[in-house]
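Let me begin by presenting the structure, written as structure tokens, before commenting on it.
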Amino acid sequence: MLMVNQLAGFGARRPSAGGGGGSDPYFANVVLLLGFEGTNGATSTTDESPSAHSPITFGGNAQIDTSTAAVTSSTSCLVLDTSGDYVSIPDSIDWKLASSNSDQYTIEFWFNPHGNVGGGSWLFGHGDFGDWGWDIDHTQSSGATSALSFNYSSNGSSRTTHDFLNLTISLDTWHFVAISKNSSGKIRAWLDGTLLGSYTPADSSINNSTKALEIGRFIGVTNANSRLDEIRITKGVCRYDVDTSITVPTAAFPRS
């Protein structure tokens, strides 16, 4: 297990990365784009990426919430309250983010934790026991003391875990997370624009799991106590290939 720097907030995007608003020069590479727009209490949403994945299934009490949103141009978000809540999207080759060390990707999203979650909660990812792919976990211990982890498996049977510990992640506050991998196999993570750390593993390829991509559920456990908004996965592009802070978007990601 590799421990990386402490995190405090996410960063700024390069203008060419296609941040909030405007148009995105890499839109053709976007394989998932969930803005969770809809009426309060709705239990459906649309993948606005070119892949247009469907069906998107809401489980438990997962629903659209219009009381808050991550950015000013968004009017709602997804809310999960730990009591069986999850969102599931069928398996796709799109979720196999890297077949080799040179394959690039970028994962970005906003989340708003509501309560303490000890032991880690699965925000979203692809895989399950014996068929691991990748996932992003969040732990909230007390107050704003938190941790994030990015995990992936190259062989499907064991996971490589990269922890970002002793973070300050305030409850009931929106936080922007970005994870990128460049063509040299270097993986970086940012919180609210601040670089948390980087690592270049010997093998950064990811197993082609046959499981669904799920939000809020992992190995049958639904313990995410959080709101999520503007989830974007870009395959084949490292949007943030810098060892510095990045710019936090203030508007919804481009839809074209």
Side-chain angles (χ1 to χ4, degrees), residues 1-8 10 80 82 86 91 95-109 111 113 116-142 144-169 175-182 184-192 194-226 228 231 233 235 238 240 243:
M1 179 181 297
L2 174 67
M3 294 184 186
V4 196
N5 304 351
Q6 296 185 5
L7 88 111
F10 273 106
L80 307 169
T82 77
Y86 68 93
D91 179 44
W95 312 146
K96 180 178 172 61
L97 299 182
S99 297
S100 68
N101 286 349
S102 62
D103 288 341
Q104 304 177 70
Y105 58 79
T106 308
I107 304 168
E108 306 158 277
F109 64 98
F111 82 113
N116 293 342
V117 182
S121 66
W122 209 42
L123 292 177
F124 62 96
H126 181 226
D128 207 332
F129 277 134
D131 192 13
W132 303 113
W134 58 271
D135 60 271
I136 300 168
D137 300 338
H138 166 239
T139 300
Q140 194 89 16
S141 0
S142 64
T145 303
S146 309
L148 290 173
S149 63
F150 176 58
N151 317 295
Y152 64 91
S153 175
S154 298
N155 57 20
S157 59
S158 60
R159 289 192 303 168
T160 297
T161 298
H162 298 286
D163 290 330
F164 305 93
L165 307 175
N166 301 316
L167 308 178
T168 300
I169 301 179
H175 300 278
F176 177 66
V177 177
I179 297 167
S180 74
K181 175 179 172 292
N182 69 12
S184 298
K186 186 173 186 176
I187 300 171
R188 302 178 179 94
W190 292 263
L191 174 64
D192 297 329
T194 297
L195 179 67
L196 302 180
S198 65
Y199 38 94
T200 306
D203 186 358
S204 57
S205 64
I206 296 179
N207 171 54
N208 184 21
S209 173
T210 60
K211 305 300 182 181
L213 185 148
E214 295 197 315
I215 303 167
R217 183 168 71 171
F218 183 48
I219 58 175
V221 177
T222 53
N223 63 352
N225 191 3
S226 184
L228 291 103
I231 296 175
I233 299 176
K235 186 174 177 179
C238 176
Y240 310 114
D243 290 310

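- Between R188 and L195 there is a side-chain heavy-atom pair separated by less than 4.5 Å.
- By the 30° and 60° cut-offs, the orientation of the rings of F150 relative to W134 is tilted.
- A salt bridge (Lys or Arg N to Asp or Glu O under 4.0 Å) check over residues 150-161, counting only residues at least two apart or in different chains, returns the pairs D135-R159.
- Minimum interatomic distance between S158 and S153 (heavy atoms only, all atoms of both residues): O-OG, 2.6 Å.
- Under the salt bridge (Lys or Arg N to Asp or Glu O under 4.0 Å) criterion, K186 pairs with D243, not counting sequence neighbours.
- Taken from CZ in F124 to CG in D137, the straight-line distance is 11.0 Å, to the nearest 0.5 Å.
- With a 4.5 Å cut-off on side-chain heavy atoms, I179 and I136 count as touching.
- In this structure, the side chains of S100 and S205 stay at 4.5 Å or more apart for every pair of heavy atoms.
- Contact record, C238 with Q104: CB-OE1, 3.2 Å, taken as the closest heavy-atom pair.
- Side chains of S209 and N207: a donor-acceptor N/O pair is absent below 3.5 angstrom, by distance only.
- The shortest side-chain heavy-atom distance between P113 and H138 falls under the 4.5 Å cut-off.
- Looking at heavy atoms from C-beta onward, I107 lies in side-chain contact with L97 at the 4.5 angstrom threshold.
- Pairs engaging residues 205-216 under the salt bridge (Lys or Arg N to Asp or Glu O under 4.0 Å) rule: E214-R217 [sequence neighbours left out].
- Between H162 and N151, the shortest heavy-atom distance links the atoms N-OD1, 4.1 Å.
- From L123, atom CG reaches atom CZ of F109 across 5.0 Å, with rounding to the nearest 0.5 Å.
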side-chain contact (heavy atoms from CB on, under 4.5 Å) assessment of T200 paired with N101: CA-CA 9 Å; T200 306; N101 286 349; over 6 Å; no

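- Between Y86 and F218, the distance separating the two ring centers is not shorter than 6.0 angstrom.
- At a threshold of 4.5 Å between non-hydrogen side-chain atoms, the residues W132 and Y152 do not count as touching.
- Annotation: side chain of I215 is in contact with side chain of L80 (closest heavy-atom distance under 4.5 Å).
- Using a 4.5 Å heavy-atom threshold, the side chains of W95 and I206 count as separate.
- Between A224 and S121 the shortest heavy-atom distance is CA-CB, 3.9 Å.
- The heavy-atom pair separating A178 from Y240 by the smallest distance is CB-CE1, 3.7 Å.
- When all heavy atoms are compared, the tightest approach of S99 to K96 is OG-CE, 3.1 Å.
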